[in-house]
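Letters go in sequence order (proteins before strands), and every chain restarts at 1.
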Amino acid sequence: MRLSHYFMPTLREVPAEADVVSHVLLLRGGFIRQLAAGVYSHLPLAQRALLRIRQIIREEMNRIGGQEFHLPAIHPAEVWQATGRWEVMGDNMFRLKDRWGRDMCLGMTHEEVFTSIARNELRSYRQLPQIWYQIQTKFRDEPRPKSGLLRVREFTMKDSYSFDVDRDGLDTSYRLHYDAYCRIYARCGLDYFAVEAHSGSMGGSQSHEFMVRSDAGEDLVARCAACGYAANLEKATNRLAPVADTEPAGPEPVRVATPGQKTIEEIANFLGVPAPNQIKTLVYMVDSKPTLILMRGDHQLNEAKLEAVTGTGLLRPATAEEIVAAMGADAGSLGPVGVQHLTILADEALRGRRNMTTGANATDFHIQGVTPDVHFTAAYHDLRTVADGDLCPGCGAALGVFKSIEVGHIFKLGTKYSDALGATVLNRDGQSVPIVMGSYGIGAERILSAAVEQCHDDKGIIFPATIAPFDVIIVPVSMEDSRLVETADRFYAELRAAGLEVLYDDRPERPGVKFNDADLVGIPVRITLGTKKLAQGLAEVTVRREAKAVDCPVGEVTGRVTAALAALRAEIEARARDIRSLQ
RNA sequence: CGGGACAUAGCGCAGCCUGGUCAGCGCGCCUGCCUUGGGCGCAGGAGGUCGCAGGUUCAAAUCCUGCUGUCCCGACCA
């Protein structure tokens with residue numbers, strides 16, 4: 001493309017609404033423009049990068065036997081009502097009525113539609129397994145769109161669905177996807193990792209998220225650098241370091257006055273009892289019933305785990321009034337001793353401890369010498385939130401906790417949707433069995449954003465060669481010098497003939513403007529043509545990532561550029577070949 | 001939905017408290033000259049219902065009310 005007539009509206013200044021790096025750079029580089037909150041137009045540069053990303057996804061899906069579909073984005077209410085998700089999805093679903101007043105919606109995901117095709121068409125185990133996918137627009141009316149393309153209300157997702165006769169088949173399809181996803185991210189040049197995850201509203205058993213570490217991300221994950229253990233913080237656990245218990249003063253707990261001392265820290269100072277030797281007592285309303293939650297003093301409750309344990313999403317911290325009503329004391333003085341009328345859930349970290357300090361259920365009093373299972377009984381579960389530096393459950397090394405962008409998520413659905421929609425096949429024994437399904441999603445724009453988050457410097461984007469909108473940019477320092485222009489024209493023709501995507505900056509701009517734009521939009525290789533060098537028969541080739549110009553005889557430029565790109569791509573592809581399969 | 005902020009030219013902003021030569025600046029854009037290795041210089045020029053609707057006032061970008069939109073912090077997800 002000749003840049004003089006290419007639509008690449010770069011911005012010198014940072015638009016006020018952008019505060020994460022990828023948003024700023026995609027806006028400044030002329031990749032995207034906002035139409036409404038969480039709704040973006042993709043300009044030509046973004047479209048090019050996204051087409052490359054989609055092509056990589058397509059190749060890897062095809063490699064595992066996926067068959068590409070294209071399903072409607074507009075759905076009748078019936079299929080969603082059949083699975084109950086017409087209600088479950090709530091305000092996140094864009095809803096509309098057709099001219100007859102029938103309820104319709106914009107597709108958020110396609111389990112229902114793909115499953116109804118499977119129900120109507122798949123009859124026999126002999127037709128299985130199937131992997132069906134599409135790359136298509138999804139609509140989700142997010143409560144809070146943010147961070148440019150990272151959280152939007154309309155986006156393109158590659159979603160795929162696997163259909164198997166049994167669990168073993170699902171395991172295989174799941175593993176194929178896991179490996180395909182690894183290859184996709186690697187080929188897009190991302191430094192990614194997979195974490196164990198929570199299934200959320202999708203339902204199902206096993207689930208992994210694919211993550212790219214970035215402060216712009218919204219998920220917290222715990223990861224062990226030593227053994228590779230990684231999990232979403234909603235699910236992560238840790239190995240407990242031994243805590244020294246002291247001898248209690250006597251067999252029974254001792255009540256002590258603690259006037260005005262409420263927090264764990266205040267009690268630690270006032271009574272000289274370190275936080276790990278205290279029991280933190282929380283009251284949660286679970287399905288509207290007050291429930292006691294016991295944590296070690298230095299631990300934080302993880303609400304996602306509590307949800308999983310109680311099996312309900314209807315939980316919240318009790319209000320001050322509810323606490324007094326249930327416990328007869330204020331929040332700062334609660335404890336489990338003597339509580340008979342409430343369910344008591346305790347974190348595993350309290351099991352086997354002795355001589356703990358906790359609230360006395362009388363405002364401004366605590367009790368000491370409390371031993372779990374002696375002075376109170378509770379059901380033990382893993383309820384704590386892992387913190388940075390906690391011990392890896394696998395190997396005992398220190399875990400790191402950091403933010404990440406979720407670029408993909410895979411689920412073992414089981415028969416949730418096939419049961420709801422009646423999708424069955426006959427198995428080998430002639431029995432009708434529900435199809436066992438998996439569901440797998442990748443956000444294309446998130447890959448783009450994550451790549452920008454991960455690959456940039458103070459001048460702009462440094463695109464991985466595999467997803468860059470152009471391979472190479474030709475920058476003649478002046479368009480007035482006919483020798484420069486002739487040479488640039490020739491490079492332009494040669495490089496295109498060599499199969500490269502070439503951007504030719506033929507604008508009558510000063511060199512600084514061209515260099516800055518080239519750096520901003522992140523094209524991997526730049527050819528610079530200057531008068532003095534050209535007089536010696538030389539041009540310059542600069543790899544964006546390395547940022548240093550290398551002189552090159554004019555006749556060798558095409559070869560040099562082709563080789564440089566091949567090297568960049570080979571480095572990326574090597575990582576894709578090197579992936580570790582799901583065990 | 002709860003909390004916080006913002007809305008003035010394509011972009012970034014000032015002006016608002018203290019109503020009245022306040023429709024202003026920088027960048028970008030157009031014309032000409034000049035310049036040509038990291039966002040040149042000079043001269044001239046175009047461009048704004050001050051988010052929308054009410055209200056107060058002799059007078060509103062400025063004060064009041066309502067609405068809309070956008071961004072940020074919390075509950076959801078690719």
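Taking atom C1' in both rA14(B) and rU8(B), the straight-line distance is 10 Å, to the nearest Å. rC6(B) and rC63(B): their P atoms are spaced 12 Å apart (whole Å). Only the P atoms considered, rC50(B) is 13 Å distant from rG54(B), to the nearest whole Å. For the P atom pair drawn from rC64(B) and rC27(B), the interatomic distance equals 35 Å after rounding to whole Å. Atom C1' of rC42(B) sits at a distance of 48 Å from the matching atom of rU57(B), rounded to the whole Å. For the P atom pair drawn from rC40(B) and rG2(B), the interatomic distance equals 49 Å after rounding to whole Å. Taking atom C1' in both rU31(B) and rG15(B), the straight-line distance is 31 Å, to the nearest Å. Nucleotides rC67(B) and rC1(B) are separated by 11 Å at their P atoms, to the nearest Å.
If you measure from atom CZ of R316(A) to atom C1' of rA75(B), you get 14 Å, rounded to the nearest angstrom. Between N516(A) atom CG and rG37(B) atom P there is a gap of 14 Å when expressed in whole angstrom units. If you measure from atom OH of Y161(A) to atom C1' of rA78(B), you get 11 Å, rounded to the nearest angstrom. With rounding to whole Å, E445(A) atom CD is found 14 Å from rC77(B) atom C1'. Atom CE of M89(A) is separated from atom P of rA78(B) by 9 Å (rounded to the nearest Å). Regarding F210(A), its CZ atom lies at a distance of 16 Å from the C1' atom of rC77(B), rounded to whole Å. Counting to the nearest Å, the C1' atom of rG12(B) and the CG atom of L11(A) are 9 Å from each other. Between K548(A) atom NZ and rG37(B) atom P there is a gap of 23 Å when expressed in whole angstrom units.
Between R510(A) and rC40(B) there is a side-chain N or O to OP1 or OP2 distance below 4.0 Å. Phosphate proximity of rG28(B) to R12(A): present, with a side-chain N or O under 4.0 Å from OP1 or OP2. Contact annotation: Q34(A) reaches the phosphate of rC71(B) (side-chain N/O to OP1 or OP2, under 4.0 Å). Phosphate proximity of rG39(B) to K459(A): absent, as no side-chain N or O sits under 4.0 Å from OP1 or OP2. Between R151(A) and the phosphate of rC76(B), there is no side-chain N or O to OP1/OP2 separation shorter than 4.0 Å.
Defined by atom type and a distance below 3.5 Å, a donor-acceptor pair is present between the side-chain atoms of T109(A) and E111(A). Side-chain atoms of H23(A) and K146(A) include no donor-acceptor pair closer than 3.5 Å.
Judged by centroid separation below 5.5 Å and plane tilt below 30°, F515(A) does not stack onto the base of rG37(B).
Taking the centre and axis of the six-membered ring of F470(A), the NZ or CZ atom of R48(A) falls inside the cone set by 45° and 6.0 Å.
Where K532(A) and E142(A) each meet RNA chain B at their nearest nucleotide, the meeting point lying more 5' is that of K532(A). The 5' end of RNA chain B is approached more closely, in terms of each residue's nearest nucleotide, by G38(A) than by the other of T156(A) and G38(A).
Side chain E509(A) to base rG39(B): no donor-acceptor pair is found below 3.5 Å. Not a single donor-acceptor pair, N or O on each side, falls under 3.5 Å between the base of rG28(B) and the side chain of E13(A). Judged by distance alone with a 3.5 Å cut-off, no donor-acceptor contact links the side chain of R144(A) to the base of rG4(B). Side-chain N/O atoms of D219(A) and base N/O atoms of rC77(B) include a donor-acceptor pair closer than 3.5 Å.
Annotation: side chain of E68(A) is in contact with side chain of R58(A) (closest heavy-atom distance under 4.5 Å).
Nucleotide rC13(B) forms a pair with rG24(B), judged by Watson-Crick or G-U wobble geometry with both contacts under 3.5 Å. For rU68(B), the paired nucleotide is rA7(B), the pair qualifying as Watson-Crick or G-U wobble because both relevant distances are below 3.5 Å. Pair assignment for rG2(B) gives rC73(B), based on Watson-Crick or G-U wobble hydrogen-bonding distances that are each under 3.5 Å.
Paired with F69(A) under the rule ring-ring contact (aromatic ring centres under 6.0 Å, His included), one option of F114(A), Y161(A), Y133(A) passes, and it is F114(A). Partner E445(A) forms a side chain to side chain contact (heavy atoms under 4.5 Å, CB included) with one of T156(A), V407(A), V152(A), I32(A) and no other, that one being T156(A).
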| Would E486(A) and R483(A) count as a salt bridge (Lys or Arg N to Asp or Glu O under 4.0 Å) if you check the C-alpha gap in whole Å, the side-chain angles of each, and the deciding distance to 0.1 Å? | CA-CA 5 Å; E486(A) 275 167 30; R483(A) 285 166 307 171; over 6 Å; no
